[in-house]
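All remarks here apply to the structure that follows.
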Amino acid sequence: MKYVMFPHCVRIENKIIKTYGIAVFQNKSLIRFIKDVSTDRKAVKQLVKDMNEYQIELVHIDDVLEDFICQL
């Protein structure tokens, strides 16, 4: 399993906001795509680094993201 951060732009009240999401790959195949995790690039980059380092299984990603968002 490999987690990769990607930038994404979203329009909110006629403003373009840059957010960051997470793509999940397994055997070079995209298996999950999560948009708009946060606007904080540094925080999402660190989250992705930690998820790769600790080899987080896909079944836990929703809980990990919930904890991440609650800490922001």
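All values below were derived from every heavy atom in this structure, side-chain atoms included, with hydrogens, water molecules and symmetry-related copies excluded. The structure presented is a predicted model; accordingly, all values stated were derived computationally and were not measured.
When side chains are defined from C-beta on, Asp36 counts as touching His8, because their heavy atoms get closer than 4.5 Å. Taking the side chain as every heavy atom from C-beta outward, Leu65 and Leu47 approach each other to under 4.5 Å. Looking only at side-chain heavy atoms (C-beta outward), Val24 and Met51 stay at 4.5 Å or farther from each other.
Between Val48 and Tyr3, the closest heavy-atom pair is CG1-O, 3.2 Å. In terms of heavy-atom proximity, Lys18 sits nearest to Pro7 at CE-CB, 3.7 Å. Pairing each heavy atom of Phe68 with each of Ala43, the nearest pair is CE1-O, 3.7 Å. Considering every non-hydrogen atom in both Ile22 and Phe6, the closest pair reads N-CE2, 3.2 Å. Nearest heavy atom pair, residue Ile56 against residue His60, reads CG2-CB, 4.0 Å. Listed here is the closest heavy atom pair of Tyr20 and Thr39: CE1-O, 3.7 Å.
Counted within 6.0 Å of CG on Asn27, heavy atoms from surrounding residues, nucleotides or ligands total 12 or fewer; the atom is thus considered open. Atom CD of Glu53 has more than 12 heavy atoms from other residues, nucleotides or ligands within 6.0 Å.
To the nearest 0.5 Å, the span separating CD1 on Ile61 from CD1 on Ile31 amounts to 8.5 Å. Atom-to-atom distance recorded for Lys45:NZ and Arg41:CZ is 4.5 Å, nearest 0.5 angstrom. Interatomic distance, CD of Gln55 versus CE of Met1, reported as 10.0 Å (0.5 Å rounding). Atom CG in Leu30 sits 13.5 Å away from atom NZ in Lys2 (nearest 0.5 Å).
One hydrophobic cluster holds both Tyr54 and Val44 under the rule that ILVMFWY side chains link at heavy-atom gaps under 4.5 Å. The hydrophobic cluster containing Ile16 does not contain Val37, counting ILVMFWY residues as joined when their side-chain heavy atoms lie under 4.5 angstrom apart, directly or transitively. Both Phe33 and Phe25 are members of a single hydrophobic cluster when ILVMFWY side chains are connected at heavy-atom separations under 4.5 Å.
In summary, the side chains of Asp50 and Gln46 do present a donor paired with an acceptor at a separation below 3.5 Å, with no hydrogens or angles considered.
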